[in-house]
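Below: the structure, in structure tokens.
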Amino acid sequence: MMEISGWGRYPRIAAEVWRPYSIEQITHSLRSKGTQIARGLGRSYGDSALASRVSEIHYLDHFIEFDAHTGFLSCAAGVSLDTILQVFVPRGWFLPVTPGTRFVTIGGAIASDVHGKNHHKEGTFSQHVSHIDMLLGNGERVGASRTENPLLFKATCGGMGLTGIILAATLKLKPIRSSEIIQTTIKAPNLDRIHEEFEMHSGASYSVAWIDCLARGKQLGRSLLMLGEHAVDGELRAPIPPQLPMPFDLPPFILNRSSVKTFNAFYYNQMRHTHTMHRVSYYSFFYPLDRITDWNRLYGRPGFLQYQFVLPKQDGLRGLRTVLETIAQTGRGSFLAVLKAFGPSNPNYLSFPQEGYTLALDFKTGPSVFKLLDTLDRIVLDHGGRLYLAKDARMKEATFKASYPHWRTFEEIRARYHALGKFASLQSQRLGLQ
Amino acid sequence: MKKILIFGATSAIAEATARLWAQDGNRMFLVARDAERVEEQCKDLVIRGAESARHTVLDLNDFERHKEAIKQAAQAMQGVDIALIAHGTLGDQKACEQSFERTLKELNTNAISVISLSTHLANLFEQQKNGTLVVISSVAGDRGRQSNYVYGTAKGMVTLFLQGVRNRLHPSGIRVITIKPGMVDTPMTSSFRKGALWSTPETIARDIYRGVATGKDIIYTPGYWKPIMKIIKSIPESIFKKMAL
């Protein structure tokens, strides 16, 4: 038994964690009674990769095939995005979609159906996956794609590991001519302006905004919009970027209302001009937080809760205003708050994105935070939105079932493909899935 | 481009090291017991950048076939610049205490087979007038302890043998590198509880990769094992025998 947690370090549980080194071993483990959940690098924030029995797919990490003409790459599920970048950036290939950390596995990226700064143009990660190799609860190995077991494919992409164990996948890499990004930063003094800027720059390859969620009144929603384009000339390099260690838990009092407020004001005002342009490395554009290993320790021993929701486009702005006003009133500043305009949703049953606005916040764990988040849940539901399962550690079953209407179909497909009684996480149990 | 031959290629440390070498575009030849896994691994290494990666399937307890496997590799790659011997088992110490057969089996796998391979490779390198022999020994071979002395004996034998080979081949310009990892989190040690002194195969691989490039004789990895073992070796036997290590 060992103590494990998600990236938010809440909750922590004692679990039986093992690292199978062959598919036969996993198959064998499926014969025993009880449920298990697969886990990659443990970067989901809440309890989606927590269970009393956890299979870490660490050793399933080899490349299988690469077609240098088309960019199709097949690899085992434990290969990390970091490894793909190290191997393929120097050869002129990039990930089609990447989340804000490169320390996630292919299996995890598919199970959470992660998105990135290009969601408005490219959709989620799984939309670039053409085939998945899976192990079902009855020990059978099957393929899943848009034509082979298509329902299983739609349930597995975004299915939080609850349909079976992802063994390998094929995805299409994207050709690049430089490993650098041309980054443009635009200051938006309030929520209406950031909305206009997102609309105006919907043609940008990458876009994301940092938002000051402690700003109130006329400044409510003041943001910095960051746009990115792949440079078309220059070097193709994948150096191992220096990482700063975070060797201890920060004492809990350091991140408080006034420190966050000071930081936010400084961060917003350090930008002198409304438009600035820089040429930056891909890792500083996509992975600023990966620079600090274990940055999750910033929140101290109690850990933190990530809260990411999406509000559909019509009415989304009004909902966003209500959420921001509610947070600003409580004065519970989120150190990192990220706003992004999503493109259209995909047909997967539990994939998170919907066309509209998504806001990601984090809060130090504590009793009053749970109350605040329940209030925010209500606002999100009232505006037809939902929460991202990869970040959730506390959503109620009713909230989940009201906002993910395909959950019944998802359960039917799990039953048909022998997943019931074999795969479960603390999250799936909390959300009332079988 | 180097021609690299790896024994026990599917072991976690060998695999991680092979990946680093593959990224530099080297030519590789793998020897392992598990046919399916070593085939998979060859494909993986080529995708990572190896010029080529071929293999042969062999149980290294079959000493008779060692020479032939080395010959096959040398032919396939047109020579061998670096050979890494990485196979091994961590036998059950308690069971070995009760059974000489088991002890002998552990010694054969972890010491005698390594000595056999090293003998053939030393002669090949001497004939080629170049080569680097890299062998994974262990900190466990530095001193006998009740918890693990059969494995430790095998590794100690390997360490001592390599000292001799290094001394013999030094005039010919051939390098012999003894790798002494501490506790590493691999499938071989999956049943152990892991504490602060444990490290990952990737860390060991980086030290091997760097050590081969710079040409050290003995590499403790991670480096903190060097002072730890210095202290452990310096404890007088009269005290050491009373300790529960």
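This one's a predicted model, so the numbers in the text were calculated from it and none came from an experiment. Throughout, a chain's letter reflects where its sequence line sits, starting with A, and its residues are numbered from 1.
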More than 12 foreign heavy atoms under 6.0 Å from CD of B:Q78: is that the case here? no
Hey, could you give me the NZ/SG distance between B:K43 and A:C75, rounded to the nearest 0.5 Å? 13.5 Å
Please give me the minimum heavy-atom distance between B:R48 and A:T83, naming the atom from each residue. NH1-CG2, 3.5 Å
When you look at B:I47 and A:F88, which way does the side-chain contact (heavy atoms from CB on, under 4.5 Å) test go after all the steps? CA-CA 9 Å; B:I47 293 172; A:F88 289 98; 3.6 Å; yes
A:D61 and B:D44 have their tightest heavy-atom pair at O-OD1, 4.4 Å
Can you confirm whether B:R33 is buried at CZ, in the sense that more than 12 heavy atoms of other residues, nucleotides or ligands lie under 6.0 Å from that atom? no
For the interface with chain B, which of A:H58, A:Q86, A:R19, A:R91 has the highest count of heavy-atom pairs at distances below 4.5 Å? A:R91
Count the heavy atoms belonging to other residues, nucleotides or ligands that lie under 6.0 Å from NZ of B:K2, then report whether that count exceeds 12. no
How far apart are the closest heavy atoms of A:V87 and B:Q23, and which atoms are they? CG2-NE2, 3.8 Å
When the 4.5 angstrom heavy-atom criterion is applied to B:D34 and chain A, the contacting part is neither
So for A:S22, is it side chain, backbone, both, or neither that comes closer than 4.5 Å to the heavy atoms of chain B? neither
How long is the straight-line distance from CZ of A:F63 back to CZ of B:R19, given to the nearest 0.5 Å? 8.0 Å
Does atom CZ (A:R291) have a neighbourhood of more than 12 heavy atoms from anything else shown, all under 6.0 Å? yes
Please indicate whether B:E36 has more than 12 foreign heavy atoms, meaning atoms of other residues, nucleotides or ligands, lying under 6.0 Å from its CD. no
What is the distance from atom OH of A:Y59 to atom OG1 of B:T186, rounded to the nearest 0.5 Å? 5.5 Å
